[in-house]
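The structure displayed is predicted, hence computed values, not measured ones. One is the number of the first residue; the rest follow in order along the sequence.
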Amino acid sequence: MTSTSVQSPAQSFAQPSSSATHDVTNQAPPLAPYDASADTALLEGLRREGAGWAEADVRRIGLRAGGAEAQEWGELANRHEPVLRTHDRYGHRVDEVDFHPSWHELMRVAVAEGLAGAPWADDRPGAHVARTAGGLVWGHSEAGHGCPTSMTYAAVPALRREPGLAKVYEPLLTSREYDPGLREPTSKRGLLAGMGMTEKQGGSDVRTNTTAATPTAEPGVYTLRGHKWFTSAPMCDVFLVLAQAPGGLSCFLVPRVLPDGTRNTFRVQRLKDKLGNRSNASSEPEFDGTVAWLVGPEGQGVKTIIEMVNCTRLDCVMSSATLMRKTLVEAGHHVRHRGAFGALLMDQPLMRNVLADLALESEAATTLTLRLAGAADRAVRGDAGEQAFRRIATAVGKYWVTKRGPAFTAEALECLGGNGYVEDSGMPRHYREAPLLSIWEGSGNVNALDVLRALTRDPATADALFAELALAEGADARLDSAVTRLRTLLGEATPAGARRLVEQMALTLQASLLVRHAPPAVADAFCATRLSGDWGHAFGTLPGGADVDGILERSLGL
């Protein structure tokens, strides 16, 4: 830093140059290009969960995600939102949604990189972990297009309940080719899938659905009549839909275009005017004589589609962890270049405390996400213990990590001050996105109660959770005490106390993973704050003994 000199009156009132007021100082340069995969916790988790073979691809995706081109695609896709066209110029019903070209570029990369259904066609152990890691880095480009890729990924295991349909559609859903436009599905190089469960009168209570499914003379073929309340990505090729058949609530496959090439009845009444996720079209479709194929037995719609829900819940955790990391990187970049009160922000002790606290939260979220992805991968391959762990831990992670997202992104935005509050920074878009992930695929209450349901109906889930926690037994007294408290809470569990129980589960599980896999600086600070209560009520309240420098060096290189 240079010393400040005292100016004479003549100097003070000298006429400035014509451009002096436009000189830009003390502002951070653009972040892009940067490497979205430069995340030690992510790369360690990728290797640990059995997908180290994908590291080169993840690093390549990370460089592209942080590149100026992909960052611009994300900005443009949200500035130029999708537009619904219900009719063509002649008055024919078309029900099409037009997207900006940037949306298609984002989708093309995501599908080509295997972030949609591709893992289901990949026999390598760790294929589902590799996809999750790819999502954690490609999500730095833009969040909204993750919806159709997530639903396409999740549709495959549900569709397998009907082998005849899976034989036709699975090869196209697992394709790495993005082929937009409504055409007869089997004529395309790749397909995308959506999901239609909720209705206006019930929301998450899907058993109250009133959409009626009437059998036709052809076995397995029905016609639907009803109105769905939230159906994202209406330009997908096929949808899994819940409707009331004679035998009860059932699952159906609904194509936008029928095998003979004619349009199925799928009237898009309107697009939702959402808080965030603006690049992605969410719609209200009306069915009226809509042709549908039964997936799974009549009356087992929830049981059939629940596998799809489990997959999309994991993606909600992944997307929240991605937003945390993205906004943390933005904050870290800003403090490297912005000075205040005589020093760079990154050298201010209180700012370092805030960033270190955020870094702890981010690493815990990323580590848990990859552990859940590992469980999903091994569950698909028949590991019963991992199936039980996945069943409970995914709901736990969905509840907690997505709940932390809004507070986290708000704090990261504040690190940029007023610069973060303007749209040009991108931070408001991330902030608006964050609450969605706690709402999609079951709100906080739904997931908390789902954890209780799993514990009651399948005691193996509790055994699997405590077996996981036992792997860190004796390594940290605070963690051992937390496990003991968790057992007590479990014995006293009631619906009214479900959130408290699930929060304790999440924090204890995250702590156990960090104790086992993270450096002492990270694990110690997490256990001291999240388990032992040596913490305030806002980020930036780490105790004096926390190794702030060690945490920041690992996470951001600060």
Using salt bridge (charged side-chain N to carboxylate O under 4.0 Å, His left out), reason through Glu361 and Arg530 one step at a time and then give a plain yes or no. CA-CA 10 Å; Glu361 196 75 28; Arg530 276 67 169 174; 2.7 Å; yes

Tested for salt bridge (charged side-chain N to carboxylate O under 4.0 Å, His left out) against Glu96, the lone hit among Arg263, Arg267, Arg256 is Arg263

- Query: Between Thr367 and Arg516, is any side-chain donor less than 3.5 angstrom from a side-chain acceptor?
  - Reply: no

Quick one: do Asn447 and Asp450 satisfy side chain to side chain donor-acceptor pair (under 3.5 Å)? Show the steps, please. CA-CA 5 Å; Asn447 277 271; Asp450 190 39; over 6 Å; no

**OP:** State plainly whether the residues Asp315 and Lys398 are in salt-bridge range, i.e. N to O under 4.0 Å.
**Re:** no

When the aromatic ring centroids of Trp293 and Tyr222 are compared, is their separation below 6.0 Å? no

| So, Arg371 and Glu386, do they make that salt bridge, N to O below 4.0 Å? | yes

For residues 163-173, the side chain to side chain donor-acceptor pair (under 3.5 Å) pairs (sequence neighbours left out) are Arg160-Glu170

- prompt: Does any non-hydrogen side-chain atom of Glu441 lie less than 4.5 Å from one of Met197?
  reply: yes

| Hey, mind stepping through Asn209 and Thr211 against side chain to side chain donor-acceptor pair (under 3.5 Å) and telling me if it holds? | CA-CA 6 Å; Asn209 282 5; Thr211 296; 5.9 Å; no

Margin query: Is the terminal nitrogen or CZ of Lys272 (NZ for Lys, CZ for Arg) located under 6.0 angstrom from the six-membered ring centre of Phe230 and within 45° of that ring's axis?
Written below: yes

Check: Do the ring centers of Phe266 and Phe239 come within less than 6.0 Å of each other?
Finding: yes

Using a strict 4.0 Å threshold on nitrogen-to-oxygen distance, state whether Arg59 and Asp39 make a salt bridge.
-> no

ask   = Is Lys326 paired with Glu330 through a side-chain N to carboxylate O contact shorter than 4.0 Å?
value = yes

Worked verdict on His145 versus Trp138 for side chain to side chain donor-acceptor pair (under 3.5 Å): CA-CA 11 Å; His145 76 290; Trp138 182 245; 2.8 Å; yes

Item to check | Asp458 bridged to Arg391 by N-O distance under 4.0 Å | outcome: no

So, Arg60 and Glu113, do they make that salt bridge, N to O below 4.0 Å?
yes

Q: May I ask you to say whether Arg429 pairs ionically with Glu433, meaning some side-chain N is under 4.0 Å from a carboxylate O?
A: no

- prompt: Thinking salt bridges, do Asp383 and Arg378 make one under a 4.0 Å N-O criterion?
  reply: no

Are any of the side-chain nitrogens in Arg108 or Glu105 under 4.0 Å away from the carboxylate oxygens of its partner?
yes

Side chain to side chain donor-acceptor pair (under 3.5 Å), that's the test. Do Thr290 and Thr265 meet it? Break it down for me. CA-CA 5 Å; Thr290 302; Thr265 304; 4.7 Å; no

Parallel, tilted or perpendicular: which fits the ring planes of Trp229 and His227, with parallel below 30° and perpendicular above 60°? perpendicular

Note: Gly296 and Thr304 closest approach over all heavy atoms is CA-OG1, 4.0 Å

